[in-house]
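The structure appears below as C-alpha cells.
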Amino acid sequence: MRQSMLTDEQAQFLREEKEALSEIRLALAEIDVPREALDTLQEAILQLDELFLIVIVGEFNAGKSALVNALLGEKVLLEGATPTTSRVTLVKWGEKIAEQLVDENFAIYTYPLPLLKELNIVDTPGTNAVIRHHERLTNEYVPRSDLVLFTTSADHPLTESERQFLERILAWGKKVVIVLNKADIVESETALKEIQTFVLKHAANVLGDTPEFFPVSARLAQRSLSESDSEERKRLRAASRLDDLDRYITATLDDTERLRLKFNNPLGVAENLVTQAGRAIHDQSEDIKEDQKTAAALETTISDYERDLKSELTPRIAEVENILYKLEQRGLDFFDNTMRLTNIQGLMRGDKVRAEFEKKVLADVPKQIEEQVQRLIDWLVQRDLQEWQRVMTYVQRRQAINIDHIVGAGIEPREIRRRELIDSMGKTVQRVIETYDRDKEARDLAAHVETAVAQTALLEVSAVGLGTIVTAAVLSTSLDITGILAAGTLAILGIFVIPYKRKQAKDSYKEKMTSLRARLLDTLTTQFTKESQNAVSRLKDGVMPYVRYVRSERERIEKGEAILARLRQRLSTLRAHSQAVIGK
Ligand SMILES: Nc1nc2c(ncn2[C@@H]2O[C@H](COP(=O)(O)OP(=O)(O)OP(=O)(O)O)[C@@H](O)[C@H]2O)c(=O)[nH]1
Ligand SMILES: [Mg+2]
C-alpha cells in the first residue's frame, strides 16, 4: 500500500494492524496452528505493503487468462482449451513487456499499462483440473488477494465444484465478484438472464449476499482489439460488455473501497485461521471427553478407596483396643479378688498367683489380638485386589471405545499418545491382577506388622508371632506387679500392708496397661496407615500417568480456547477500528 495515499490516521492504523496481526500470529503458533497456516497469515500481513491485488480464479478453461488478456488489451498470457496456465502468474507494471519464470509454480509478467500502477493482477491455474497441483497453487494464492474475480463459464455456469471453491474463498473473508465469461455463446438475452439468475441465486446462498455480477466475452473483447474497422470494433467491444467490468475495477473500486478491502484482507485471513483453530480445538475437546470421564472415575474411585481405608482402620483397630480394655479390667478384678487377707496363703506363693493371672486374666487375649489383626490384614488385601479390579473395569470400558473407533482414517499423534497411555495403564493393571497372590500379600503384611510391633520396644526380642509378642508384653508388665507380692515382702511387712499393696499394684498395673495399649495401638495404626498408603500409591502409580496426561490436555485445550476467545475479540476490535478510519 502506497503510504502517500493514506491519511495520518490511516497510516497509524496500518502500523497498529500489522503489529496486532503479528501478535495474533504468534498467539496462533502457541496453540499448534499448522506452519502453512501461519505462513499464509504472514503473507497476508506482508501484502498490506503491496499494491491492491486482484486474483482471477475459476475452473480450468473458464477463460481466466483470456479475461486478463482482454483487460490488459493485449494477448499477454497463454490461452488454451486444455488446462493451460500451470503457474500462478503475477501481472504487474513494468516499463517493458517481460516474462520471468520464477520457479515451476510462479511467474511474473511485466507490462506498461497505467492500470497496473494501481493494482496487480494474478492469473491462476484452473481448479478442478486433472492436475490437482494447479488447484493447490490457486488455493494457496487466494488468501493473499484483496479482490477475487471468480470466473465461471457460460457453457457450464457455477458447477458444484465451483460452488465449493466459492465457499473456501468466502472462508478467507474475501470480496468476491462474479464474472460470467463466454457470454458470446449464449444465444439470447433471455437465456443470459436465466443464467444470471441461476448463478446469483446459488452464489448468494454461499456468500450470504448477492455479489456484483459481470457477464462478459473475453473473446469478443479481444477480437475488437484486432478489428481494423472502427464501427465493427465498437460493436464487438459493446457486445463483449467488458467496459462494465473495466469501469468497476477502475472507477467503482475507488481508493477508499480498495483501502477498505486491503485493510480487511489480512483480518479475514486471521479470522479464518482463528475459526479453523477453534474447530480443531473443539474436536480435540470432544475427543478428550471420554478420557475425562474415565480419568475422573479413576480419581474418584481411588480417593474413595483412600478414604475408606482411613475410616475403616479406626474402628478395626478400636476392636484391638477393646480387647486390651477388657484385659485391663480383668486384671484389676484379679487384684481385687486375689489380694485379700483371706487369701494370704495363696499370695505367699508367687508362682501360683502368676499362673492364675495367666489363666484368668491373660487367657486367650494374644489369640484374640492375633485374630483381629489377621482380619484387618485380610480386609486390606481383599479391598486392595477389589480396587484394582474396579480400576480394570474403567480401563476396559475406555479401551472398548477405542476399538469401536478403530475404523476410520488416520489417527492423530495426540490420539496415538492417548491410546498408548491407556494401553500401558491397562497392561499394568492387568498384570497386577493376574499376579495378585492374596496369601503372599497377607503373609508379607503380617510379617511387617510383627516386625513393627516388636520394634516399638514393647520387647527387646525378635518377633516370633504377634500372639507371643503380646503375651510377653503383657506378662512382663504384670510380672512387676505380681513381684510386689513376693513372699519376702509380705513376710516382713505382714498382713497390714495388703490393702495398700493392692492399691499400689492396681495403680501400677493400670498405668502400665495404659502405656502398653497406647504403644500397641499406635504401632498398629502407624503400620496399617503405612500399608494402606502403599497400596494407594501403587494404584496411583499405575493410573496417574494417564490421569495426568488427560488433565494436562484439558488444560491445554482450555488455554487454547481462552487464547482464541481473546483473538476473536481483538480481531473484531480491529475490524471496527478499520471501518472507523476508512470512514465507511
Ligand atoms: N467462446 C469463447 N471462448 C473463450 C472465451 N474466453 C476464452 N475462451 C476460450 O476458452 C479456452 C480457455 O481459455 P483460457 O483463457 O486458457 O482459460 P483458463 O481459464 O485460463 O484455463 P486454465 O489456464 O487451463 O485454467 C480457450 O480456448 C479460449 O479461447 C470467450 O469469451 N468466449
Ligand atoms: Mg489460464
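As the structure is a prediction and not an experimental result, all values here were calculated from the model. Side-chain atoms are counted along with the backbone in the values below, which use heavy atoms only and exclude waters and symmetry mates. Just so you know, ligand 1 is whichever comes first in the structure, and atom 1 is the first atom listed for that ligand.
Protein heavy atom nearest atom 18 (P) of ligand 1, with residue, atom name and distance: Lys64 N, 3.5 Å. Of the protein's non-hydrogen atoms, Arg219 NH2, 3.2 Å is the one closest to atom 29 (O) of ligand 1. Residue, atom and distance of the protein heavy atom nearest to atom 14 (P) of ligand 1 are Gly63 CA, 3.7 Å.
A donor-acceptor contact shorter than 3.5 Å links the side chain of Asp146 to the backbone of Leu53. Remark: the backbone N or O of Ser145 is paired with a side-chain donor or acceptor of Lys174 at under 3.5 angstrom. Judged by distance alone, the side chain of Asn181 and the main-chain N or O of Ser153 form no donor-acceptor pair under 3.5 Å. Checked by atom type and distance alone, the side chain of Ser578 never pairs as donor or acceptor with a backbone atom of Leu574 at under 3.5 Å.
For Arg247 and Asp244, the salt-bridge test passes: some basic side-chain N is under 4.0 Å from an acidic carboxylate O.
No side-chain N or O of Arg397 forms a donor-acceptor pair with one of Tyr394 less than 3.5 Å apart. No side-chain donor-acceptor contact under 3.5 Å links Glu79 and Thr84. Side-chain N/O atoms of Glu16 and Gln12 include a donor and acceptor closer than 3.5 Å. In the model, Asp291 has no side-chain atom that pairs as donor or acceptor with a side-chain atom of Tyr549 under 3.5 Å. With hydrogens and angles left out, the side-chain atoms of Glu59 and Thr159 include a donor and acceptor closer than 3.5 Å.
The distance criterion of under 3.5 Å between nitrogen or oxygen atoms is met by Gly80 with respect to ligand 1. Looking at ligand 1, you won't find any N or O of Asp123 less than 3.5 Å from one of its N or O atoms. Here's the thing with Thr124: none of its N/O atoms is less than 3.5 angstrom from an N/O atom of ligand 1. Of the N or O atoms in Ala218, one or more lie within a sub-3.5 Å distance of an N or O in ligand 1.
Under 4.0 Å from ligand 1, the heavy atoms of Ile185 that appear belong solely to its side chain. Both the backbone and the side chain of Thr85 come within contact range of ligand 1, each with a heavy atom under 4.0 Å.
With distances taken over non-hydrogen atoms, the option nearest atom 7 (C) of ligand 1 out of Gly126, Ala62, Ala66 is Ala66. Taking each of Thr84, Val57, Asn69 in turn, the one with a heavy atom nearest to atom 22 (P) of ligand 1 proves to be Thr84. With Glu59, Gln222, Lys182 as candidates, the residue nearest to atom 5 (C) of ligand 1 on a non-hydrogen basis is Lys182.
Within the protein, the number of N, O or S atoms lying under 2.8 Å from the Mg ion (ligand 2) is 2.
By the ring pair (Phe, Tyr, Trp, His ring centres under 6.0 Å) test, Phe13 pairs with Phe263, His577, sequence neighbours left out. Applying the ring pair (Phe, Tyr, Trp, His ring centres under 6.0 Å) criterion to Phe106, with sequence neighbours excluded, gives no partner residue.
Each of the following atoms of ligand 1 lies closer than 4.0 Å to a heavy atom of Glu79: 15 (O), 16 (O), 28 (C), 29 (O). Taking every non-hydrogen atom of Ala81 and a distance limit under 4.0 Å, the qualifying atoms of ligand 1 come out as 27 (O). The distance from ligand 1 to the heavy atoms of Asp184 drops below 4.0 Å at these ligand atoms: 1 (N), 2 (C), 30 (C), 31 (O), 32 (N).
Residue pairs satisfying the ring-ring contact (aromatic ring centres under 6.0 Å, His included) criterion with at least one member in residues 232-252, sequence neighbours excluded, are listed as follows: Phe214-Tyr248.
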